[in-house]
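Predicted model, so just to flag it, every value in this text is computed and none were measured.
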Amino acid sequence: MLNQNMACSDRIRLLDEIGKVDFALKDLNLYLDTHPYDVQTIESFRYYNSVKKQLMKEFAEKYGPLSLDYVTADVKEWSWALQPSPWERGYH
């Protein structure tokens, strides 16, 4: 039970971090739509984009991919369809 609680806690932590970084990326994107030459903001966007990619990769390795970009295609089964949907996992 303790390991399940720890896994649930880690899963929630990762989802929370992904959500925060994704929000920052959307905000930076909106700003860059009106300030396309702001080099400092472009660098911030690149940084947060790399952070999101790393978090998404970590989540996919532990709990399954959140998007098709992180599906492992070199396996003999299509894990995207076989994994439970987020609402079926029993995590809160």
Side-chain angles (χ1 to χ4, degrees):
M1 184 70 169
L2 183 61
N3 284 341
Q4 185 180 11
N5 287 339
M6 289 173 58
C8 180
S9 176
D10 183 56
R11 182 177 182 276
I12 290 169
R13 178 195 63 79
L14 279 170
L15 285 172
D16 187 51
E17 288 299 312
I18 290 167
K20 288 175 184 176
V21 171
D22 194 51
F23 180 84
L25 282 167
K26 285 181 173 64
D27 197 42
L28 291 168
N29 178 217
L30 289 172
Y31 179 82
L32 286 168
D33 284 348
T34 58
H35 301 81
Y37 302 106
D38 187 331
V39 176
Q40 185 176 0
T41 304
I42 292 169
E43 286 301 316
S44 292
F45 183 89
R46 284 185 188 137
Y47 169 76
Y48 284 107
N49 199 35
S50 70
V51 169
K52 182 181 176 187
K53 286 179 182 180
Q54 182 57 41
L55 289 169
M56 294 286 284
K57 180 181 175 195
E58 181 181 348
F59 190 94
E61 290 170 354
K62 291 181 176 181
Y63 307 107
L66 290 172
S67 75
L68 290 173
D69 296 335
Y70 295 91
V71 171
T72 304
D74 62 343
V75 294
K76 296 183 188 253
E77 60 188 24
W78 187 242
S79 60
W80 177 261
L82 297 175
Q83 71 181 5
S85 299
W87 56 88
E88 297 174 323
R89 292 179 188 247
Y91 296 110
H92 302 283

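Other residues, nucleotides and ligands contribute more than 12 heavy atoms inside 6.0 Å of the NZ atom of K62. The 12-atom threshold is not exceeded at OH of Y48, counting heavy atoms of other residues, nucleotides or ligands nearer than 6.0 Å.
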Working for side-chain contact (heavy atoms from CB on, under 4.5 Å), residues K20 and D16: CA-CA 6 Å; K20 288 175 184 176; D16 187 51; 3.2 Å; yes
Quick one: side chains of residues 31-41, donor-acceptor pairs under 3.5 Å with protein atoms, not counting sequence neighbours, listed by atom name and distance.
unit_1 : atom_1 : unit_2 : atom_2 : d
Y31    : OH     : D38    : OD2    : 3.1
T34    : OG1    : Y31    : O      : 3.0
H35    : ND1    : Y31    : O      : 3.1
D38    : OD1    : Q40    : N      : 3.2
D38    : OD1    : T41    : N      : 3.1
D38    : OD1    : T41    : OG1    : 3.3
D38    : OD2    : T41    : OG1    : 3.0

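The CD1 atom of I18 lies 5.5 Å from the CE atom of M56; values are rounded to the nearest 0.5 Å. Between F45 atom CZ and D27 atom CG the span is 11.5 Å, to the nearest 0.5 Å. With rounding to the nearest 0.5 angstrom, the CG atom of N49 is 13.0 Å from the CD1 atom of I42.
F23 and L66 sit in two unconnected hydrophobic clusters of ILVMFWY residues. Membership requires side-chain heavy atoms under 4.5 Å apart, directly or through other members.
Side-chain contact between L14 and Y63 is present, with at least one heavy-atom pair separated by less than 4.5 Å.
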